[in-house]
Participant: 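Sharing a structure, written as structure tokens. Questions coming.
Index from 1, following the sequence. Not measured: the values here are computed from a predicted model. Every heavy atom of this structure was used, including side-chain atoms; hydrogens, water molecules and symmetry mates were not. Each ligand, and each atom within it, is numbered from 1 in the order the structure gives.
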Amino acid sequence: MEGTSQKEIRILDKVFIPFIGESEIRQYIERLAQVINREEHNTHPLFLVVLNGSFIFAADLLKQIHVPCEIEFIKVRSYEGTTSTGKVEMIFSPSEAKYRNRTVILVEDIVDTGNTVEFLYHYLYRSGAGKVKICTLFFKPEAYKKTVPIEWIGQSIENRFIVGYGLDYEGYGRNLRSVYVLK
Ligand code: IMP
Ligand code: MG
């Protein structure tokens, strides 16, 4: 890893230390892409990227997806500061026609309590999706309180707050190339 990623960083009032490097993230994504390419080779899935946090993960993942697919974006809000509020609000979504009888693959940066993916999972089935599958880069098993199946997980992590590679603290830190954890 480059020298700068060895150092702690400050975002607003908090200090973060290096946690997961760029090459590890690349490996998680390669593994995910291999499995998805194999399992979805004839389903013509719709990849539904959950904004904002998943934008960097989705870009890197989807460059390695070689099955015929479409890509759309959905935006919800569910999280404030470093603790989950439990409430999920729809900001925008493609029209229901996009989901009808399709395999929809939700692309998430992280599944924490599961509030967000549970909400989206039911929303998509209500909207007529044929099959809903969840792909997340990070998963916090100790924080997860729901029962919706998480089909593909890049890496399970401890129940700690992370930033970088799309993930933010109060809107900041998304553009960091690697992942940092709250000190
Ligand atoms: P959940 O609804 O509790 O599963 O939380 C999902 C959303 O909360 C994610 O899409 C993230 O935007 C945010 N989130 C959860 N854990 C973290 C974290 O450790 N760092 C930054 N954002 C997080
Ligand atoms: Mg967030």
Participant: Give a yes/no on ligand 1: does K140 have at least one heavy atom closer than 4.0 angstrom to it?
Facilitator: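 Right, K140 reaches ligand 1.
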Participant: For ligand 1, which atoms sit closer than 4.0 Å to a heavy atom of E108?
Facilitator: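 Near E108, the atoms of ligand 1 are 10 (O).
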Participant: If you take the nearest heavy atom of each of N115, V111, T113, which one is closest to atom 3 (O) of ligand 1?
Facilitator: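 Selected option, by shortest heavy-atom distance: T113.
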Participant: For the pair R102 and E70, find out whether any cationic side-chain nitrogen is under 4.0 Å from an anionic carboxylate oxygen.
Facilitator: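 Yes, charged N to carboxylate O under 4.0 Å.
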Participant: Looking at R26 and E30, is any side-chain nitrogen of the basic one under 4.0 Å from a carboxylate oxygen of the acidic one?
Facilitator: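 Looking at R26 together with E30, the answer is no, because their closest N to O distance does not fall below 4.0 Å.
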Participant: Given 3.5 Å as the limit, does a donor-acceptor pair link the side chain of N37 with the main chain of Q64, or not?
Facilitator: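 Yes, because the side chain of N37 sits within donor-acceptor range (under 3.5 Å) of the backbone of Q64.
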Participant: Is V163 close enough to touch ligand 1? Criterion: a residue heavy atom under 4.0 Å from a ligand atom.
Facilitator: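 No, that is not the case, since the closest heavy atom of the residue is not under 4.0 Å from the ligand.
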Participant: With the threshold set at 4.0 Å, does a side-chain nitrogen-carboxylate oxygen contact exist between K133 and E40?
Facilitator: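 The answer is yes: the pair qualifies as a salt bridge.
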Participant: Does any N or O atom in I162 lie less than 3.5 angstrom from one in ligand 1, N or O only?
Facilitator: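 N/O-N/O distance below 3.5 Å exists for this pair.
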Participant: Please determine whether residues I65 and V35 belong to a single hydrophobic cluster, defined as Ile, Leu, Val, Met, Phe, Trp and Tyr linked transitively by side-chain heavy-atom distances below 4.5 Å.
Facilitator: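 Yes, same cluster.
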Participant: Check R160 against ligand 1 and report side chain, backbone, both or neither, counting heavy atoms closer than 4.0 Å.
Facilitator: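 Backbone only; the side chain of R160 stays clear of ligand 1.
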Participant: Between D168 and ligand 1, which part of the residue brings a heavy atom under 4.0 Å of the ligand: side chain, backbone, both or neither?
Facilitator: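 It is the backbone that touches ligand 1; the side chain stays farther off.
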Participant: Which of the numbered atoms in ligand 1 are below 4.0 angstrom from a heavy atom of L167?
Facilitator: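 Counting from 1, the qualifying ligand atoms are 21 (C), 22 (N).
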Participant: How long is the span from the CG atom in L167 to the CZ atom in F161, to the nearest 0.5 Å?
Facilitator: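 The distance works out to 7.5 Å.
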Participant: Do the side chain of S178 and the main chain of E22 share a donor and acceptor less than 3.5 angstrom apart?
Facilitator: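 Pair absent, no side-chain N/O of S178 close to backbone of E22.
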Participant: Can a non-hydrogen atom of G53 be found less than 4.0 Å from any atom of ligand 1?
Facilitator: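 Per 4.0 Å heavy-atom rule, G53 does not contact ligand 1.
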